[in-house]
There are 2 protein chains.
Amino acid sequence: MSEPRKEVTIYDIAEKLNISATTVSRGLQDHPKINDKTKKKILAVAAEMGYRSNPFASSLRTKRGNIIGVIVPRLNSYFMSDVIAGIEKVINESNYNLFISQSLESMKKEISNARAMFNNRVDGLLVSLAYNTDNLDHFEPFITKNIPVIFFDRVQEHLQFPNIFIDNYKAAYQLTSHLIEQSCKRILHIGGSQLRNVYIERYNGYKRALEDHNLPFDDELLIISDLTTQGGQDAGSTILNMEIKPDAVFAANDISAVGCMQFLMDAGMRVPEDIAFAGFNNDPMSSVVRPQLTTIDYKGFEMGEVAAKLLLGHLTDNADLKQTHSLILRSEMIVRDSSKRKG
Amino acid sequence: MSEPRKEVTIYDIAEKLNISATTVSRGLQDHPKINDKTKKKILAVAAEMGYRSNPFASSLRTKRGNIIGVIVPRLNSYFMSDVIAGIEKVINESNYNLFISQSLESMKKEISNARAMFNNRVDGLLVSLAYNTDNLDHFEPFITKNIPVIFFDRVQEHLQFPNIFIDNYKAAYQLTSHLIEQSCKRILHIGGSQLRNVYIERYNGYKRALEDHNLPFDDELLIISDLTTQGGQDAGSTILNMEIKPDAVFAANDISAVGCMQFLMDAGMRVPEDIAFAGFNNDPMSSVVRPQLTTIDYKGFEMGEVAAKLLLGHLTDNADLKQTHSLILRSEMIVRDSSKRKG
DNA sequence: CTGTTAGCGCATTCAG
DNA sequence: CTGAATGCGCTAACAG
């Protein structure tokens, strides 16, 4: 295999044109004060010589690597991959690059990922927290260096870090109220980690809706789960063994809702007649399952776009955007057959 | 907001310890010829002063950025996000970082992404090709610079670039034969872009199975689709209008299979009695849909891991791994109710 | 509009 | 085992 030829530098271009490297550098960056003619010549020669800029040198000089870090709990969930797709779309149109890593729902990994991002000198960071993260100390170094960190979806309140999320409380309230309107009186909730805002809020919204409609709540009606298919099935099994069964289930995500629902249907229960169902996220499987699942349309792609744009705003000192501390995105209830007991 | 304090450099550490920066640099890298005592002192002072290495300077010097680029058609598909998760897992354990971008199934975007990766001087590249990519010219620059490029899943034969994929031909043959064994005689195929190996192979495997079992094939039995839910529904609509209907459908992915199957069921057809179904990928929705979908288990996560490991092997001059040109991963047929007409 | 000079922080000679 | 010197390629003063 032949050795790669030496890289062309701005000095090579400068030499060929009998001008200074500075001018070449400026020409390449479309600096306003450079003569259009020289600019064109520079570009032409650069192309001809196969020049490509050296981002390492540039970064060393400017102290900016033009990279944005992303830390998410998992990459392989429909919702998250949709968020990442949204982020990528926005970032791809900018001059930044994306470093992506996953915490695998472990705070320990999240800490090590954050450190890696910090050491790699990302210019900004987008984070969705792991299941069990209970403090934000590992993001302190970013504050020291004025590196913007933005949390999305799985957020935690912090003075320095903007948050982007949807109104989980309201959505859960809405969903639960809807179930109540379908004359459900005993609604069970399959909830996620009560460390995470999203699951706390969904639980709170659910509970408040019960209260507001004078429905009783007892401990048997709350099942904390890992929200996997298996988790949903386990919940189904628990329900099957209950003396007094719930007449509705509101699960904190679609996957566990579907797992639970199909488990109970396989056991002979009818949905929604015996037991109505509602999930959360509008995962594709919610419209594949029969009866189709009532859920909350939670646009991951849009959330990714918004998060990325907000971060870019911070990086370009956009005054308006820097004002934003919390951004609450719209979400929408989608009523499907799994909860329609009338009409 | 206060200005970030100046970064600590190896010179600062050197000064504090009255040794040279060279020694500090060596100590930090665990160079064998450095006294253990000095090494420890260096590490201690580095930690104390809050030192972090400057990857820009290091990269400029060594000409390696320790980044691996990934270009995929889409990030938000279950299969791809699983692949990416596998890649991330392996890379996260190494000293490399991941640049990720998506071509959105457009060759044009793929070209621009490849250029960006090249200009950002990635050390290696993992690629799954866009729907309509019909040549590999945009990857030539990587050859010139001896940058390894590895294709996975959506691959194209090329002397310089290793490929990782599954035996799509065999899997399709197996699936089609299975349908034939269920006494299906008229099997329709919903295929993807006939530019992409994966879809060509699936079609070929299907066709060969028909031939081997002396079943007729006519043009009406092939529908080329974009393999979305809508694409599946469209295929269903076409089928509904056929005078002689197929008694089985083999779709090149699960999403379109499910779209088509549910469309036909909604129109009153019975699955598998009137029409049997098979898909491809083992997407989660294939086990949620009823009847559950017969499919090919295609482990994205594993493919990601393998691809990343192979690339790392190339980067570390691992002789064994560098020998590998093509790697064919195992896949497995999963027979479910959508195709079980007997027993 | 263009050039001169200098230095970002590190790793690698080469010399002890 | 350690150090002095050098340059990777670029951009930002500053000066004209």
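We use all heavy atoms of the structure for the numbers below, so side chains are in, but hydrogens, waters and symmetry mates are not. Below, chains carry the letters A, B, ... as their sequence lines are ordered, and counting in each starts from 1.
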Please write out each protein N/O paired with an N/O of nucleotides 4-6 of chain C under 3.5 Å, distance rounded to 0.1 Å.
unit_1, atom_1, unit_2, atom_2, d
C:dT4, O4, A:T22, OG1, 2.9

Report the residues that fulfil side-chain contact (heavy atoms from CB on, under 4.5 Å) with [X], sequence neighbours left out, ordered by chain and then residue number.
| X | value |
| --- | --- |
| B:I147 | B:F118, B:F142, B:K145 |
| A:T23 | A:I19, A:S20, A:I34, A:I42 |
| B:S25 | B:I10, B:Q29 |
| A:K299 | A:D297, A:E302 |

Starting at [atom1] of [X] and ending at [atom2] of [N], how long is that distance when rounded to a whole Å?
| X | N | atom1 | atom2 | value |
| --- | --- | --- | --- | --- |
| B:N119 | D:dC10 | CG | P | 12 Å |
| B:R64 | C:dC10 | CZ | P | 18 Å |
| B:R121 | D:dC10 | CZ | P | 7 Å |
| A:N120 | C:dC10 | CG | P | 14 Å |
| B:E15 | D:dG3 | CD | C1' | 16 Å |
| A:E7 | D:dG9 | CD | P | 8 Å |
| B:F56 | D:dC10 | CZ | C1' | 13 Å |
| B:I13 | C:dG9 | CD1 | P | 12 Å |

Original post:
To the nearest 10 degrees, what angle separates the axes at the start and end of the helix from C:dC1-D:dG16 to C:dG16-D:dC1, five pairs each?
Top reply: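 Angle reported: 30°, given to the nearest ten degrees.
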
Subject >> Within residues 42-69 of chain B or reaching into it, pairs that qualify as salt bridge (Lys or Arg N to Asp or Glu O under 4.0 Å) - sequence neighbours excluded >> reply: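 For residues 42-69 of chain B, and leaving out neighbouring residues, the salt bridge (Lys or Arg N to Asp or Glu O under 4.0 Å) pairs sorted by first residue read B:E7-B:R52, B:K16-B:E48.
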
Original post:
Just wondering, more than 12 heavy atoms not from A:E15 lying within 6.0 Å of its CD?
Top reply: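 Check fails, neighbour count at 12 or below.
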
**OP:** Pick out which of A:N132, A:L129, A:L195 makes a side chain to side chain contact (heavy atoms under 4.5 Å, CB included) with A:M107.
**Re:**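 Of all the options given, the one that passes is A:N132.
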
Subject >> N/O donor-acceptor pair under 3.5 Å between B:D12 side chain and B:T9 backbone >> reply: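 Here the side-chain-to-backbone pair exists.
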
Original post:
In residues 28-45 of chain A, what residues come within less than 4.0 Å of DNA chain D, judged by heavy atoms?
Top reply: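 Correct list: A:Q29.
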
**OP:** Starting from the 5' end of DNA chain D, give me the residue, A:T62 or B:I19, whose nearest nucleotide shows up first.
**Re:**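 So the residue in question is B:I19.
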
Subject >> Candidate nucleotides D:dG9, C:dG9, D:dG3, ranked by approach to the side chain of B:N54 - the nearest >> reply: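 Shortest atom-to-atom distance from the side chain points to C:dG9.
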
**OP:** For residues 79-91 of chain B, pull every pair meeting side chain to side chain donor-acceptor pair (under 3.5 Å), keeping only residues two or more places apart or in separate chains.
**Re:**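 The answer is A:N76-B:D82, A:Q102-B:E88, B:E88-B:N92, B:K89-B:E305.
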
Subject >> Sequence neighbours excluded - ring-ring contact (aromatic ring centres under 6.0 Å, His included) pairs with any residue from residues 24-58 of chain A >> reply: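 For residues 24-58 of chain A, and leaving out neighbouring residues, there are no ring-ring contact (aromatic ring centres under 6.0 Å, His included) pairs at all.
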
**OP:** Give one of base, sugar-phosphate or nothing for A:S25, where a contact means two heavy atoms less than 4.0 Å apart.
**Re:**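 The answer is base, as A:S25 lies within the cut-off (heavy atoms under 4.0 Å) of a base atom.
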
Original post:
Touch check for B:S53, heavy atoms < 4.0 angstrom, all strands: base, sugar-phosphate only, or nothing?
Top reply: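 Contact class for B:S53: sugar-phosphate only.
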
Original post:
What pairs with A:H158 under ring-ring contact (aromatic ring centres under 6.0 Å, His included), at least two apart in sequence or on another chain?
Top reply: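 For A:H158, the residues satisfying ring-ring contact (aromatic ring centres under 6.0 Å, His included) (neighbours in sequence not counted) are A:F161.
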
Original post:
Of all residues at least two apart in sequence or in a different chain, which pass the salt bridge (charged side-chain N to carboxylate O under 4.0 Å, His left out) check with A:D137?
Top reply: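 Residues passing salt bridge (charged side-chain N to carboxylate O under 4.0 Å, His left out) with A:D137: none at all.
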
